[in-house]
Engineer: 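Here it is: the structure, laid out below.
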Amino acid sequence: MQDGGVTVESVEVAVPTRKARIADVPTMHRLINQLAEAGAMLARPLSELYEHLRDYCVIEEEGAVIACCALHVNWSDLAEIRSLAVEKGHQRRGLGRILVTACMDEAREMGLSRVYALTREPVFFERLEFTRIGVSELPRKVWGECFRCPKFPECDEVAVVYDL
Ligand SMILES: CC(C)(COP(=O)(O)OP(=O)(O)OC[C@H]1O[C@@H](n2cnc3c(N)ncnc32)[C@H](O)[C@@H]1OP(=O)(O)O)[C@@H](O)C(=O)NCCC(=O)NCCS
């Protein structure tokens with residue numbers, strides 16, 4: 001374990017996650033927004049990454065952050081897994097699974113009962129045993145945040161949930 005993170009055994013080697021630090025933010029910003037430009041996920045401004053830095057964990061390799069993910073608490077029983085981004089050249093190595101598992105462990109530790117994601121990659125989450133649901137089944141998310149989204153109410157993401 002490093003710096004409050006968790007270690008999950010992957011097929012070949014244990015890859016540690018750690019909580020994000022201020023110095024990681026420019027790299028996380030580039031990582032998320034490059035994938036967002038390619039249409040894979042929502043962009044995040046720097047201000048939001050700094051404000052929500054404590055939500056984020058990262059995976060670092062040879063001194064560089066190559067993947068990140070956030071766990072954002074919405075309510076007493078609900079948290080969102082969001083801004084999951086794995087650098088293109090490092091995808092399909094199990095890093096996404098490790099980060100989501102770390103966020104789920106953190107949510108469990110906090111006493112939350114459900115995590116969800118809004119995603120364009122529902123099959124990835126289904127591999128992690130999440131289940132698809134309608135976005136309208138997440139009213140706290142919809143009325144707390146989605147209604148500010150420029151795409152609202154024509155959401156092109158799929159909601160997936162996991163009961164902890
Ligand atoms: C989606 C993403 C996070 C997956 O991360 P990853 O590290 O490549 O995924 P993993 O290697 O941990 O894959 C875990 C499992 O999901 C499967 N998987 C991964 N990406 C998949 C995809 N796009 N479609 C279907 N299955 C996928 C893997 O084959 C693996 O299955 P297995 O355990 O049965 O072998 C990554 O591709 C990414 O950053 N994409 C761009 C941004 C994005 O879509 N983020 C999600 C926003 S919520």
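All heavy atoms count here, side chains included; hydrogens, waters and symmetry mates do not. Ligands are counted one by one from 1 in listed order, and the atoms in each one are counted from 1 as well.
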Engineer: Do you know which of R18, R30, K19 makes salt bridge (charged side-chain N to carboxylate O under 4.0 Å, His left out) with D24?
Structural biologist: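 For D24, the salt bridge (charged side-chain N to carboxylate O under 4.0 Å, His left out) check succeeds only for R18.
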Engineer: Flag G96 as yes when one of its N or O atoms lies below 3.5 Å from any N or O atom of ligand 1, and as no otherwise.
Structural biologist: yes
Engineer: Do any nitrogen or oxygen atoms of E121 come within less than 3.5 Å of a nitrogen or oxygen of ligand 1?
Structural biologist: yes
Engineer: Any N or O of R97 that comes nearer than 3.5 Å to an N or O of ligand 1?
Structural biologist: yes
Engineer: Are L84 and V15 connected in the hydrophobic side-chain network, where two residues link if heavy atoms are under 4.5 Å apart?
Structural biologist: yes
Engineer: Is any heavy atom of the protein nearer than 4.0 Å to atom 3 (C) of ligand 1?
Structural biologist: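 It does; a protein heavy atom is within 4.0 Å.
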Engineer: Would you mind running through ligand 1 and noting each atom that sits below 4.0 Å from a heavy atom of R127?
Structural biologist: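 Listed by number with element: 15 (C), 16 (O), 17 (C), 31 (O), 32 (P), 34 (O).
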Engineer: Other residues, nucleotides and ligands only: do more than 12 of their heavy atoms fall within 6.0 Å of CZ on R127?
Structural biologist: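 No - once you tally the heavy atoms of other residues, nucleotides and ligands closer than 6.0 Å, there are 12 at most.
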Engineer: What is the closest protein heavy atom to atom 9 (O) of ligand 1, and at what distance does it sit?
Structural biologist: F124 CE1, 3.5 Å
Engineer: What closest approach, in Å, do L49 and M28 show between heavy atoms, and which atom pair accounts for it?
Structural biologist: CD1-C, 4.2 Å
Engineer: Mind checking whether Y162 and F130 have parallel, tilted or perpendicular rings, split at 30° and 60°?
Structural biologist: tilted
Engineer: Report yes if V86 has an N/O atom closer than 3.5 Å to an N/O atom of ligand 1; otherwise report no.
Structural biologist: yes
Engineer: Answer yes or no: is there a donor N or O on one side and an acceptor on the other, between the side chain of E137 and the main chain of G134, under 3.5 Å?
Structural biologist: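 Confirmed, E137 side chain pairs with G134 backbone.
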Engineer: For residues V58 and A20, report the shortest heavy-atom separation together with the two atoms involved.
Structural biologist: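 So the minimum-distance heavy-atom pair works out to CG1-CB, 4.0 Å.
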Engineer: Testing the basics here: between V161 and L138, what is the closest heavy-atom pair and its distance to 0.1 Å?
Structural biologist: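 Shortest heavy-atom contact: CG1-CD2, 4.4 Å.
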Engineer: I'd like the name of whichever of R92, Q91, E126 reaches closest to atom 24 (N) of ligand 1 through any heavy atom.
Structural biologist: R92
Engineer: With heavy atoms of R93 as the reference, note each atom of ligand 1 found under 4.0 Å away.
Structural biologist: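 With R93 as reference, the close atoms of ligand 1 come out as 11 (O).
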Engineer: Note the single closest protein heavy atom to atom 25 (C) of ligand 1, along with its residue, its atom name and the distance in Å.
Structural biologist: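 Of every protein heavy atom, V123 CG1, 3.5 Å lies nearest to atom 25 (C) of ligand 1.
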Engineer: Around atom 45 (N) of ligand 1, find the nearest protein heavy atom and jot down its residue, atom name and distance.
Structural biologist: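 Residue, atom and distance for the closest contact: L84 O, 2.8 Å.
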Engineer: So if you build clusters from Ile, Leu, Val, Met, Phe, Trp, Tyr with side-chain heavy-atom gaps below 4.5 Å, do V25 and M41 land together?
Structural biologist: yes
Engineer: Which residue owns the protein heavy atom closest to atom 48 (S) of ligand 1, what's the atom, and how far is it?
Structural biologist: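 Here the nearest protein heavy atom works out to T119 OG1, 3.6 Å.
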Engineer: Distance below 4.0 Å between atom 11 (O) of ligand 1 and any protein heavy atom?
Structural biologist: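 Looking at atom 11 (O) of ligand 1, one finds that a protein heavy atom does lie closer than 4.0 Å.
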Engineer: Which of the atoms in ligand 1, numbered in the order shown and given with their element, are less than 4.0 Å from a heavy-atom of A85?
Structural biologist: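 Every atom of ligand 1 under 4.0 Å from some heavy atom of A85: 39 (O).
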Engineer: Rounded at 0.5 Å granularity, tell me how far CZ in R44 sits from CG in L31.
Structural biologist: 13.0 Å
Engineer: Starting from atom 41 (C) of ligand 1, locate the nearest protein heavy atom and write down its residue, its atom name and how far away it is, to 0.1 Å.
Structural biologist: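 Here the nearest protein heavy atom works out to A40 CB, 3.8 Å.
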Engineer: Yes or no: does A117 have any heavy atom under 4.0 Å from an atom of ligand 1?
Structural biologist: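 No, that is not the case, since the closest heavy atom of the residue is not under 4.0 Å from the ligand.
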Engineer: Determine the sole option in E80, M110, H52 for which the side chain to side chain contact (heavy atoms under 4.5 Å, CB included) test with L71 is passed.
Structural biologist: M110
Engineer: Which ligand 1 atoms, with their elements, are less than 4.0 angstrom from a heavy-atom of M41?
Structural biologist: 42 (C)
